[in-house]
Structure formats: C-alpha cells, structure tokens
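Before any comments, here is the structure.
All ligand and atom numbering here is 1-based and tracks the order in the structure. As the structure is a computational prediction, the values presented were derived from the model and not from experiment. Side chains included, hydrogens not; waters and symmetry mates left out as well; all remaining heavy atoms used.
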Amino acid sequence: MESLLRDPDTSLCDSTEAEDKDESIRSSHIFVSSSSLAEDKTHPKYVGIVTLPNQVQQKAVKKGFVFNLMVVGESGLGKSTLVNSLFLTNLYMDRCIVLNSRTVSITKSTLDIVEEGVNLRLTVIDTPGFGDALNNHESWKAAVHYVDQEMEKYRRNEIGLNRKNITDNRVHCCLYFISPHGHGLKPIDVNFMKALDQKVNIVPVLAKADSLTPKETCNMKAKVRRRILTEIDKFKIRIFQVPECDPDNGDLFKQQTLELKRSIPLAVIGSNTVVERNGRRVRARVYPWGIVEVENPSHSDFVHLRNMLIPEEHMQDLKDVTRETHYENYRAQCIQNMTHSASDLPVPLMPVDSETERLIWEKDEEVIRFCFLIRFFYLFN
Ligand code: GDP
C-alpha cells in the first residue's frame with residue numbers, strides 16, 4: 001500500500017497526506033482517481049471499486065423494496081380506483097400480485113409486486129369515510145395518529161433488540177385528494193394538510209379531473225391549480241418538492257421532471273376499465289359524449305403521478321425525505337421531550353398482535369426505561 005501511494009511514476013495517484021496534531025495519531029487522506037483502470041482489471045493498480053454500485057444494487061434488489069403510500073381525501077373522490085389503476089392494472093397481467101388486506105380503523109392493503117426479479121412491497125393506507133361525518137373538524141386525527149404510530153414503532157425498533165429485522169412501515173407519501181367541485185381548498189383540506197405536512201410528504205392531486213367538460217378542463221385545471229397553490233402558500237402548507245435534476249441526468253428525465261413540477265397539483269383520472277382504442281388497449285372512462293383516456297397527457301396527469309411513484313423516478317426521493325427529514329424531526333422531537341421530562345414520553349404504541357412481538361416490545365420498553373434512568377442519573381448527579 002505504502003509503495004503504491006508513494007510511487008513517483010504513477011500518474012494515477014494524486015495523493016495528499018496530513019498528519020494529525022496529536023502525535024499519537026497519524027492520519028492520512030489519499031485521493032486516487034482513474035477512469036482508464038475501469039476496463040483493465042489486470043492492471044496492478046486496479047482496486048475494483050467500480051463494481052461497488054453493482055454490489056449495492058444487487059443487495060438492494062435481493063432485499064426488495066418497500067413503499068408505503070397513504071391516500072387521503074373525501075369519500076367518493078376516486079381514491080381506490082386511482083390506486084388500483086396505478087398498481088393493480090390488468091395491463092400488467094404477467095406480474096405476480098398477492099393481495100392481502102386487513103381492516104383496522106384505517107384500511108391497509110399490501111401488494112407484493114414482482115417484476116423481472118425485482119420485488120416491491122407496496123402498502124396502501126386508505127382513510128375511508130373522511131369527510132362523511134357531520135363534524136369533520138378533527139377527522140385528520142386518525143391519519144396523523146397512524147403516521148406517528150409508525151414513526152414511533154420504527155424508532156423503538158431502532159433502539160430495541162430487533163434492530164436487524166426492522167420493517168419500514170413509515171408513510172413515505174400521502175396522496176391528498178382535492179375535490180374538483182370546489183374552487184380550491186376547503187377548510188377541512190387546509191386542516192388536514194396542515195396537520196400532516198411536517199410528518200409526511202404530501203402530494204396534492206385534483207381528483208376526477210374529467211368531471212369538467214373537455215373544453216373546460218384545460219382552463220379550469222390551470223385556474224384551480226393556481227388557486228390551490230396560492231392557498232398552499234397562504235396557509236404555509238408544505239408539500240413534497242420534486243428535487244432538481246442533476247446535471248448528468250438525461251434530457252428526457254429533465255423534461256419529465258420539469259413537466260411534473262409544473263403539473264402539481266396533479267389532475268388525475270382513475271379507471272379500471274380497459275377499452276380498445278385505435279388498435280391499442282387503454283384504460284379509459286367511457287361516456288356518452290366520448291372516451292377519456294387515463295394515460296393520455298392531454299386528458300390527465302396520471303402518467304406524471306405514476307412516473308413519480310415508480311422506483312425509476314421519485315420513489316427513492318420520497319423515501320429519502322421521509323428518512324432524512326420527517327423521521328429525523330420526529331426523533332429529534334422525542335429526544336427533546338425525553339430530556340425535558342420523563343412523563344412527556346413519545347406517542348404510546350398500540351397493543352401488538354403476536355406473543356413474540358409482545359415479548360420484544362416489553363424488552364424494548366425495559367431498555368427505554370433503563371435509558372431514561374441512566375439519563376436522569378447523569379442529569380441530577
Ligand atoms: P373512494 O371512496 O375515494 O375510494 O372512491 P372510489 O374509488 O370508490 O370511487 C367512487 C366513484 O367514483 C366510483 O363510481 C368510481 O367509478 C368513480 N370514479 C373514480 N375515479 C373517477 C374519475 O377519475 N372520474 C370520475 N368521473 N369518476 C371516478
């Protein structure tokens with residue numbers, strides 16, 4: 001290693017060496033860069049780091065991907081239809097899809113999607129009936145509670161005994177459905193988004209965009225969008241910001257990202273009906289006056305939404321923001337609460353199902369209590 005780094009002939013090594021001020025510690029920082037070595041594996045100075053991305057990719061593929069999507073909005077706005085259109089379409093018959101759903105106060109459905117050896121476990125968290133009650137004042141509470149619970153479970157797992165097998169159930173994206181019949185956001189929309197925006201990535205969608213006649217659609221979409229964006233700004237609601245492209249991203253990706261940014265809130269149409277159109281099989285809504293194609297960009301922003309959610313585009317961005325911003329904020333809040341008072345504990349968890357889970361949970365509780373005791377011991381001594 002020494003000889004490699006100090007080799008005066010090498011044009012591949014650009015090295016700098018710095019000694020630490022502390023005599024007992026010697027540290028060095030060497031920068032080695034070569035693009036020509038990538039092909040020549042027999043070169044004596046070939047290290048092999050070029051294969052690292054492949055290794056990371058292989059590991060990630062083997063492990064599979066997880067994505068948790070929450071859909072929120074008034075009942076009847078087409079949430080289920082849209083989710084089915086997005087992920088359960090019969091245009092992808094060759095995919096293996098396993099569906100198992102469990103009904104709690106919030107409906108949670110899990111789909112295992114396998115495509116060319118890549119597994120995606122998609123969990124859709126539906127909030128049925130929101131907006132149906134006479135008093136909808138606090139209807140956002142169940143959704144907020146769910147998001148908090150999953151953050152808390154993850155946090156406890158992280159500091160608990162079962163760190164190795166943590167399942168990520170944190171909500172990565174919340175599709176917020178806005179009614180096309182209003183003229184913007186209703187007070188309940190504002191309350192809901194305001195309650196969630198610090199905890200989860202909100203992507204607003206304008207539901208049933210075909211409710212407007214074809215002529216009105218273009219004008220109204222722009223008008224409603226402007227209004228919604230103004231209201232979002234007025235009430236300081238934070239929605240998910242699609243990241244800027246890297247300079248090395250392809251032109252097509254840059255163009256798609258630009259269009260996606262311009263299209264938010266996305267005006268969407270959902271349908272599970274497949275019709276024959278000019279020799280193509282397309283998903284569409286059939287009306288006496290014509291056919292609205294779900295995937296036709298001049299009819300709806302469905303394609304933008306699907307592109308945003310698929311792993312190829314912004315699924316990882318949504319997960320990164322969840323991990324780096326929303327989860328870190330939650331963790332920081334918990335630590336702050338803990339250092340201020342022992343009674344101000346984070347969100348209490350719901351009872352768990354299995355005996356094993358219960359035992360792990362109890363052990364984790366013990367560990368947390370023990371940590372508290374140590375912290376207080378140091379605080380007051
Ligand atoms: P949810 O209660 O929000 O889940 O709504 P559903 O998905 O159950 O849809 C309620 C009704 O709206 C159904 O009759 C759907 O066929 C219809 N629907 C769903 N999506 C659309 C859409 O994009 N446009 C129109 N016009 N109707 C839709």
Legend entry - Sub-4.0 Å atoms of ligand 1 with respect to non-hydrogen atoms of Ile269: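 So the atoms of ligand 1 that pass are 23 (O).
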
Inset, instruction - Using a distance threshold of 4.0 Å (strictly less than), state whether atom 14 (O) of ligand 1 has a protein heavy-atom neighbour. - result: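 No, there is none.
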
Backbone or side-chain N or O of [X] under 3.5 Å from ligand 1 N or O:
{"X": "Lys79", "value": "yes"}
{"X": "Leu77", "value": "yes"}
{"X": "Gly78", "value": "yes"}

Protein heavy-atom partner closest to [atom] - residue, atom, separation in Å:
{"atom": "atom 23 (O) of ligand 1", "answer": "Gly270 N, 2.9 Å"}
{"atom": "atom 19 (C) of ligand 1", "answer": "Thr81 OG1, 3.4 Å"}
{"atom": "atom 24 (N) of ligand 1", "answer": "Asp210 OD1, 2.7 Å"}
{"atom": "atom 8 (O) of ligand 1", "answer": "Ser80 OG, 4.1 Å"}
{"atom": "atom 12 (O) of ligand 1", "answer": "Lys208 NZ, 3.1 Å"}
{"atom": "atom 16 (O) of ligand 1", "answer": "Arg285 NH2, 3.2 Å"}
{"atom": "atom 10 (C) of ligand 1", "answer": "Gly76 O, 3.8 Å"}

Inset, instruction - Might you confirm whether atom CD of Glu244 has over 12 heavy atoms from other residues, nucleotides or ligands at distances under 6.0 Å? - result: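 No, because the 6.0 Å sphere around CD of Glu244 holds 12 heavy atoms or fewer from other groups.
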
Inset, instruction - Taking atom CZ of Arg238 as the centre, report whether more than 12 heavy atoms of other residues, nucleotides or ligands fall under 6.0 Å from it. - result: no

Inset, instruction - Could you tell me if any non-hydrogen atom of Tyr287 lies under 4.0 Å from any atom of ligand 1? - result: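 For ligand 1, residue contact (heavy atoms, under 4.0 Å) with Tyr287 is present.
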
Looking only at side-chain N and O atoms, does [Y] offer a donor or acceptor that is under 3.5 Å from a partner on [X]?
{"X": "His314", "Y": "Asp317", "answer": "yes"}
{"X": "Tyr327", "Y": "Glu158", "answer": "yes"}
{"X": "His326", "Y": "Asn201", "answer": "yes"}

Examine distances only and state if a side-chain atom of [X] and a backbone atom of [Y] form a donor-acceptor pair shorter than 3.5 Å.
{"X": "Ser300", "Y": "Val294", "result": "yes"}
{"X": "His172", "Y": "Phe67", "result": "no"}
{"X": "Arg283", "Y": "Ser85", "result": "yes"}

